[in-house]
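What follows is one structure encoded as structure tokens, with my remarks underneath.
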Amino acid sequence: MNSVVFECTWRGCGHNTNTCSSIEAHIRNTHLGPKKEGDSDHEEEFYYTEREVMAPAPPPTLSHRDMCRPPHEDPEYQRQLVGSYSSPSSPGRRPRSDNKKCRKVYGMDQRDLWCTQCKWKKACTRFGD
DNA sequence: GCTGCCGGGCC
DNA sequence: GGCCCGGCAGC
Ligand SMILES: [Zn+2]
């Protein structure tokens, strides 16, 4: 019995659901916000991937790379979406990664172990984002 | 309440 | 330039 998994590709999320509507609801509620007037038609669809999952293991077919993936993940499509309409990633819609930075790793009581930027309350340079 | 960090201050 | 903090957004 194979099923389909919808995985959220928002930074540091990775939430999985089993239906298309549920992942879109997750993305809209958790990441994108309530809703916007005149927003891109289906903006949610850019933030998740749909993949089929086999029960035991993936088949050993090495003939083809995965062809026919959804229209997402196309560089042109992405540039078009980001360029014409500064959707997220503009000052105002800032995501938040869940990986720890110097402050949380070492704690306030060991500030001398933080990287310089963290000491100055700037963007961390030791742990990527 | 805490974390990450932009903006802005002081030297 | 180095150094620090207010204040805010995102949890
Ligand atoms: Zn750091």
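Source: prediction; values computed, not measured. Below, read A as the first sequence line, B as the second, and so on, with proteins coming before strands; counting in each chain starts at 1.
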Check your understanding: Taking side chain as C-beta onward, heavy atoms only, is A:Leu113 less than 4.5 Å from A:Cys102?
Key -> no
Practice item. Report the distance from atom CZ of A:Arg111 to atom P of C:dC5, rounded to the nearest whole Å. Key: 6 Å
Practice item. Whole angstrom is fine here: how far is it from NZ in A:Lys100 over to C1' in C:dG10? Key: 18 Å
Practice item. Let me know the distance between CD of A:Gln117 and C1' of C:dG2, rounded to the nearest Å. Key: 10 Å
Exercise for review: May I have the distance from A:Met108 (atom CE) to B:dG1 (atom C1'), rounded to whole angstrom?
Suggested key: 12 Å
Exercise for review: Under the side chain to side chain contact (heavy atoms under 4.5 Å, CB included) rule, collect the residues that match up with A:Ser21, sequence neighbours excluded.
Suggested key: A:Thr19
**Study point:** A:Phe127 CZ - B:dT3 C1' separation (whole Å)
**Key:** 14 Å
Check your understanding: Is A:Cys124 touching bases, backbone alone, or none of the nucleic acid, heavy atoms closer than 4.0 Å?
Key -> sugar-phosphate
Point to revise | Options C:dC4, C:dC3, B:dC5, nucleotide nearest the side-chain atoms of A:Lys122 | key: C:dC4
Practice item. Write down the distance between CH2 (A:Trp120) and P (B:dG9), rounded to a whole number of angstrom. Key: 18 Å
Point to revise | Separation of C:dC11 P from A:Lys101 NZ (nearest whole Å) | key: 12 Å
**Study point:** Separation of atom NZ in A:Lys119 from atom C1' in C:dG1, rounded to whole Å
**Key:** 17 Å
Exercise for review: Classify the nucleic acid contact of A:Lys121 as base, sugar-phosphate or nothing, counting any heavy atom under 4.0 Å across all strands shown.
Suggested key: base
Point to revise | A:Ile23 and A:Cys8, any side-chain heavy atoms less than 4.5 Å apart | key: yes
Exercise for review: Spell out, as yes or no, whether a donor-acceptor pair under 3.5 Å connects the side chain of A:Thr17 to the backbone of A:Ser22.
Suggested key: no
